[in-house]
There are 2 protein chains.
Amino acid sequence: MSKCEQCIIRQFNALKALQKDDLVRLSGCKTTRTIKKGEVIFEEGVHVNGVFCVKEGVCKLSKLSSNGKDQIVKLVVRGDLLGQRSLISDEAANLTAVAVNDMQVCFIPKHEIIHDLSTNINFSMDMLKDMADELKLADNVIVDMAQKSVRQRLAETLVYLKNNFGEDANGFLNIMLTRDDYANIVGTATESAIRIISQFKKEGLITTEGKKIKIEKIEDLIRVE
Amino acid sequence: MSKCEQCIIRQFNALKALQKDDLVRLSGCKTTRTIKKGEVIFEEGVHVNGVFCVKEGVCKLSKLSSNGKDQIVKLVVRGDLLGQRSLISDEAANLTAVAVNDMQVCFIPKHEIIHDLSTNINFSMDMLKDMADELKLADNVIVDMAQKSVRQRLAETLVYLKNNFGEDANGFLNIMLTRDDYANIVGTATESAIRIISQFKKEGLITTEGKKIKIEKIEDLIRVE
DNA sequence: AACAAAACCTGATAATTATCATATTTTTTT
DNA sequence: AAAAAAATATGATAATTATCAGGTTTTGTT
């Protein structure tokens, strides 16, 4: 079992504010878990009772709308914490977390996090900053959802994925999502997402190879109307 | 000039966590301002350099989309703080704040808030909880925007206004918004908002008197498809 | 009270997006 | 390797929403 005080992942999230003795304590009570692609990490409405620190892999946070469709609200990546929102509000999860690819996560029990939050002002300030940043991003997503076309939102999503996940040696996006995922990110029907991706291909903005997508003209994608 | 330590408004926000001596200090450096309906409190992109505590009135937080339309992201009411998000992230405002009706606000300089945040763990935890709650609301708005029809969103907005602002002696909503505001809350064209409000009238879900709206059948509004 | 400006309203039409149907391809399972 | 299941694709059509154009009503100002 790896040790928190030697783990570099914490540099990417609020846990970086903790001192060595706190990290040693966390190491003692944390559990490490491997999660398979497609596996549910937690579901909307359940009490998570802790926080996950994502060591490897990506998961999607989504919510089931009353029309029966899932809306993906956020992608959580290596280095992110998962479940802090519910923990801080002390309530059941508002979103469902599902692994997009194989993951490795550490689970830190609620009690430990609460202890650090209420004794370490650097930690709680870091958490506060993270939450403020997330809120800004969420506000911007609201504006996009409300004001931009499906085509624009899908183009933006592709640009976002390139900027945040990068590309492999062959230029393909370093993350593979299904067309259904794309639809659930931009909030449209699966067929519509498929159609627009096909259009982007025809227009030479992207090329694809199965689920893999390569962005060919990012400037044009950014300018999509 | 009123005194923070005697002001009941702070019970409604994170300032309730402050002790008397801190409140006395705040009293000394805060400024009280009257803001007229329609007046801009701060604009997207400017550094606010402090936090507003809303003593009276309502303001809308909106963002200009690239298509030239404003999207209203949130209504800020009596008792709420305004500007905390930008302050915590230490960056320019992401949203524009405009008074929906006449307001009274107190402005507390950034330095003072930061001081309290970094020394008073109860205060920073309260702020963290508020931010977590806001993030949850924002996530839910994203889902609604992405998955519900304009008609559903408008119905939901009316229900929300009734629940959060109540009604006057004659049963009219205790907040008056323009049709343009409604359009900018649900993210649609002004004409579309007007049309749907007219439909709701025809269907007997609401009645109106100028800008004043009375909700007649809230159960049916909740069930709008 | 008269005027101007802003807000509201409605019809006609166009554009966008969803839905349904069906076929093909890819992936997973046996 | 074959079969089954899931994902992708595309056409036809319907539903939703935006846009433009022209009104009327309300509000604010002089």
Side-chain angles (χ1 to χ4, degrees), chain A residues 36-39 60 65-72 98 100-102 144-157 172 176-203 206-213 224-225, chain B residues 36-39 60 65-72 98 100-102 144-157 172 176-203 206-213 224-225:
Chain A
K36 286 251 167 63
K37 175 180 171 177
E39 202 178 315
K60 53 187 177 186
S65 178
S66 51
N67 68 358
K69 282 192 191 163
D70 255 337
Q71 176 62 32
I72 296 177
V98 175
V100 166
N101 45 38
D102 291 349
D144 283 356
M145 284 292 173
Q147 300 287 355
K148 294 190 177 168
S149 68
V150 173
R151 192 175 150 85
Q152 278 179 304
R153 269 139 55 197
L154 191 41
E156 258 188 27
T157 298
F172 290 102
M176 269 172 47
L177 299 171
T178 65
R179 302 294 194 259
D180 201 49
D181 285 332
Y182 280 106
N184 294 341
I185 289 172
V186 301
T188 192
T190 308
E191 297 96 322
S192 298
I194 289 172
R195 245 181 268 273
I196 292 171
I197 288 173
S198 297
Q199 283 172 18
F200 285 167
K201 278 199 280 188
K202 276 183 198 147
E203 294 163 20
I206 62 174
T207 50
T208 67
E209 203 171 281
K211 261 189 260 299
K212 289 190 294 181
I213 293 183
V224 157
E225 295 262 320
Chain B
K36 286 252 166 61
K37 175 180 169 176
E39 203 178 314
K60 53 187 177 186
S65 178
S66 52
N67 67 358
K69 281 191 191 164
D70 255 339
Q71 176 63 32
I72 296 178
V98 175
V100 166
N101 45 38
D102 291 349
D144 283 356
M145 284 291 173
Q147 300 287 355
K148 294 191 177 168
S149 67
V150 172
R151 191 176 150 83
Q152 279 179 303
R153 266 139 57 196
L154 191 40
E156 258 187 28
T157 299
F172 289 103
M176 269 171 48
L177 298 171
T178 65
R179 302 293 194 261
D180 202 49
D181 285 333
Y182 281 106
N184 295 341
I185 289 172
V186 301
T188 192
T190 308
E191 298 95 322
S192 298
I194 290 173
R195 245 182 268 271
I196 292 170
I197 288 174
S198 297
Q199 283 172 18
F200 285 168
K201 279 199 278 190
K202 278 183 196 143
E203 295 164 19
I206 62 173
T207 50
T208 68
E209 205 172 279
K211 261 189 260 300
K212 290 189 294 181
I213 293 182
V224 157
E225 294 264 321

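What you see is a predicted model; the values in this text were computed from it and never measured. Atoms considered below: every heavy atom in the structure, side chains included; atoms not considered: hydrogens, waters and symmetry mates. Just so we're on the same page: letters track the sequence lines, and every chain starts at 1.
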Here the distance between atom C1' of C:dT19 and atom CG of A:Asp180, to the nearest Å, is 15 Å
Between atom CG of A:Leu154 and atom CD1 of A:Ile197, what is the distance when rounded to the nearest 0.5 Å?
5.0 Å
Would you check if the side chain of A:Asn101 reaches a backbone N or O of A:Lys37 as a donor-acceptor pair within less than 3.5 Å?
no
For the helix from C:dA1-D:dT30 to C:dT30-D:dA1, measure the angle between the helix axis at one end and the axis at the other, each built from five pairs, rounding to 10°.
60°
Of all heavy-atom pairs linking B:Thr208 and B:Ile206, the shortest is CG2-CD1, 4.2 Å
Any chance you could measure A:Ile196, atom CD1, to A:Gln152, atom CD, to the nearest 0.5 Å?
10.5 Å
Which heavy atom in B:Met145 sits nearest to a heavy atom in A:Ala146, and how many Å separate them?
SD-CB, 3.7 Å
Taking every non-hydrogen atom, the tightest pair across B:Val186 and B:Arg153:
O-NH2, 2.5 Å
What parts of residues 146-156 of chain A reach DNA chain D, counting only heavy atoms under 4.0 Å away?
none
Could you give all pairs that pass the side-chain hydrogen bond (donor to acceptor under 3.5 Å, both in side chains) test and reach residues 182-197 of chain B, with sequence neighbours left out?
B:Asp180-B:Thr190
Contacted region of DNA chain D by chain B, from 5' end to 3' end of the hits, cut-off under 4.0 Å to heavy atoms, spans D:dT17 to D:dC20
Is there a donor-acceptor contact under 3.5 Å linking the side chains of B:Lys148 and A:Ser65?
no
Would B:Glu39 and B:Lys36 pass as an ion pair if we require N to O under 4.0 Å?
no
Tabulate protein N/O versus nucleotide N/O from nucleotides 22-25 of chain C, keeping only pairs under 3.5 Å, one per line.
none

Between B:Ile213 and B:Phe200, is the side-chain contact (heavy atoms from CB on, under 4.5 Å) condition met? List the steps.
CA-CA 11 Å; B:Ile213 293 182; B:Phe200 285 168; over 6 Å; no
Could you tell me the separation between the NZ atom of A:Lys211 and the CG atom of A:Leu177, rounded to the nearest 0.5 Å?
10.0 Å
Rounded to whole angstrom units, what separation is found between the NZ atom of A:Lys211 and the P atom of C:dT26?
11 Å
Note: contacts of residues 190-203 of chain A with DNA chain D (heavy atom, under 4.0 Å) are A:Glu191, A:Ile194, A:Arg195, A:Ser198, A:Lys201
Rounded to the nearest 0.5 Å, what's the gap from CD on A:Gln147 to CG on B:Asn67? Could you check?
5.0 Å
Considering non-hydrogen atoms only, spot the tightest contact between A:Asp144 and A:Glu156 and give its length.
OD2-OE1, 2.6 Å
